[in-house]
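Residue numbers start at 1 and run along the sequence shown.
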Amino acid sequence: MIAFIGAMDEEVLELLNLMDDYKKVIKSNVVFYECILDGENCIVLKSGIGKINAAMTTTVLLENYNISGVINIGTAGGLKSGEKVLDVIVSKSVANYDVDVPGWEKGFDSEKVAFKADEKYIDIMKSIISENDNVFVGGIASGDSFIRFDEQVKKILNDYPDALCAEMEAAGVAQVCKHYNKPFIVIRSLSDITVEENNSMQFEEYIVLASKRSAIWCKKFIKKLKEA
């Protein structure tokens with residue numbers, strides 16, 4: 001049974017709109033939707049903002065359901081020149097960029113602060129998204145700060161030069177999945193490019209487009225995972 005974790009209400013709603021059937025269940029004050037998608041049982045939930053909320057909700061999820069894998073969808077800010085709004089980042093690895101402990105190695109290969117996404121999930125999702133969209137596979141930097149200053153970007157890229165985007169939930173989901181030995185993948189649509197100017201679109205327009213696309217990818221993922 002696959003779990004889909006959305007970062008915002010809009011993303012959860014678009015997922016539910018594609019379900020064959022679903023019911024709302026509350027466990028440990030977390031709202032879960034027990035769903036059927038393309039004939040398969042799955043779970044949909046919202047992570048809440050930040051790594052702690054994401055870790056908490058993912059823990060409650062894995063303590064209460066027999067989950068085979070996790071897909072985390074949402075938005076992020078691009079960190080590389082040349083990226084465009086609505087480009088898609090598929091996680092190869094997710095890192096806690098704001099963890100700074102003496103003796104802990106930084107970088108996407110660090111066993112202390114970084115977590116590898118599932119290779120099979122990467123291949124499936126990359127093939128789905130690249131049918132119609134500009135998709136990049138690489139590192140996602142995750143921390144509990146909204147990135148809006150040049151010095152923030154410089155610090156992230158100094159420690160994680162291969163980071164393609166920054167966001168606030170993925171590492172919480174990834175670290176819990178590693179603890180429970182569950183495969184995961186993180187998908188992020190770029191809402192803005194931090195190193196560029198005049199690159200954003202109206203948020204109301206963006207969130208509708210991004211949420212609808214993410215929901216469609218998740219449905220296609222279920223189908224291709226059954227075929228794999």
Side-chain angles (χ1 to χ4, degrees), residues 1-49 51 53-75 88 90-91 94 115-133 135 140 169-189 207-208 210-228:
M1 182 162 57
I2 295 291
F4 300 104
I5 302 178
M8 293 179 286
D9 288 325
E10 291 87 350
E11 290 159 342
V12 170
L13 178 60
E14 290 298 338
L15 281 167
L16 295 179
N17 285 340
L18 290 183
M19 296 298 164
D20 303 320
D21 191 20
Y22 67 86
K23 68 175 180 178
K24 179 180 176 180
V25 178
I26 299 176
K27 297 178 182 290
S28 299
N29 294 320
V30 177
V31 176
F32 296 93
Y33 295 94
E34 299 175 353
C35 306
I36 299 176
L37 177 61
D38 200 32
E40 296 293 317
N41 292 323
C42 60
I43 300 293
V44 174
L45 68 149
K46 186 177 75 170
S47 65
I49 296 174
K51 291 188 298 179
N53 279 327
M56 177 191 68
T57 53
T58 305
T59 299
V60 176
L61 165 74
L62 297 180
E63 284 288 329
N64 283 277
Y65 292 97
N66 183 22
I67 299 299
S68 57
V70 173
I71 300 174
N72 178 219
I73 61 175
T75 64
V88 183
V90 175
S91 64
V94 177
F115 312 95
K116 303 291 186 183
D118 185 77
E119 290 291 341
K120 182 170 76 171
Y121 285 12
I122 292 172
D123 290 341
I124 292 174
M125 194 61 77
K126 186 169 63 172
S127 69
I128 290 168
I129 298 174
S130 61
E131 291 173 359
N132 299 298
D133 298 284
V135 57
I140 294 177
E169 291 81 36
V173 174
Q175 187 164 355
V176 173
C177 286
K178 180 182 178 181
H179 179 79
Y180 285 88
N181 196 30
K182 300 294 184 181
F184 77 90
I185 192 170
V186 177
I187 311 299
R188 290 291 183 264
S189 292
I207 190 59
V208 171
S211 298
K212 287 181 180 296
R213 295 192 318 163
S214 294
I216 291 171
W217 299 334
C218 290
K219 183 171 184 177
K220 290 182 177 180
F221 181 92
I222 286 286
K223 183 176 181 179
K224 290 208 171 188
L225 185 63
K226 288 193 297 184
E227 296 171 353

Any donor-acceptor pair under 3.5 Å linking the side chain of S189 with the backbone of V88?
no
Chi angles and distances behind the side chain to side chain contact (heavy atoms under 4.5 Å, CB included) call for V94, V173
CA-CA 10 Å; V94 177; V173 174; over 6 Å; no
When rounded to the nearest 0.5 angstrom, what is the spacing between [atom1] in [X] and [atom2] in [Y]?
| X | Y | atom1 | atom2 | answer |
| --- | --- | --- | --- | --- |
| C177 | H179 | SG | NE2 | 11.5 Å |
| E63 | L61 | CD | CG | 10.0 Å |
| M56 | T58 | CE | OG1 | 9.5 Å |
| S214 | E14 | OG | CD | 9.5 Å |
| C218 | F221 | SG | CZ | 8.5 Å |
| L62 | T59 | CG | OG1 | 7.0 Å |

Which atoms form the tightest heavy-atom contact between [X] and [Y], and what is the distance?
| X | Y | answer |
| --- | --- | --- |
| I185 | A117 | CA-CB, 4.3 Å |
| S28 | V60 | CB-CG1, 3.9 Å |
| R188 | A170 | NH2-N, 3.8 Å |
| K46 | V12 | CB-CG2, 3.9 Å |
| A55 | V176 | O-CG2, 3.6 Å |
| K224 | I128 | CD-CG1, 3.9 Å |

Tell me, do [X] and [Y] make a side-chain contact under 4.5 Å, heavy atoms counted?
| X | Y | result |
| --- | --- | --- |
| I129 | I187 | yes |
| E11 | T75 | yes |
| Y180 | V70 | no |
| L225 | K120 | yes |

Heavy-atom neighbours of [X] [atom1] exceed 12 at 6.0 Å:
| X | atom1 | result |
| --- | --- | --- |
| K116 | NZ | yes |
| K223 | NZ | no |
| I49 | CD1 | no |

Under the criterion side chain to side chain contact (heavy atoms under 4.5 Å, CB included), I'd like the reasoning laid out for I73 against L15: C-alpha separation, chi angles, the key distance, then a yes or no.
CA-CA 10 Å; I73 61 175; L15 281 167; 3.9 Å; yes
Does I71 form a side chain to side chain contact (heavy atoms under 4.5 Å, CB included) with M125? I'd like the steps, not just the answer.
CA-CA 10 Å; I71 300 174; M125 194 61 77; 4.2 Å; yes
Where at least one partner belongs to residues 16-27, residue pairs that pass side chain to side chain donor-acceptor pair (under 3.5 Å), sequence neighbours excluded
none
Residues in ring-ring contact (aromatic ring centres under 6.0 Å, His included) contact with F184, at least two apart in sequence or another chain
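So F184 forms no ring-ring contact (aromatic ring centres under 6.0 Å, His included) with any residue.
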Hey, can you pull the donor-acceptor pairs under 3.5 Å for the side chains in residues 30-45, sequence neighbours left out?
from	atom 1	to	atom 2	distance (Å)
E34	OE2	Y65	OH	2.7
D38	OD2	K226	NZ	3.3

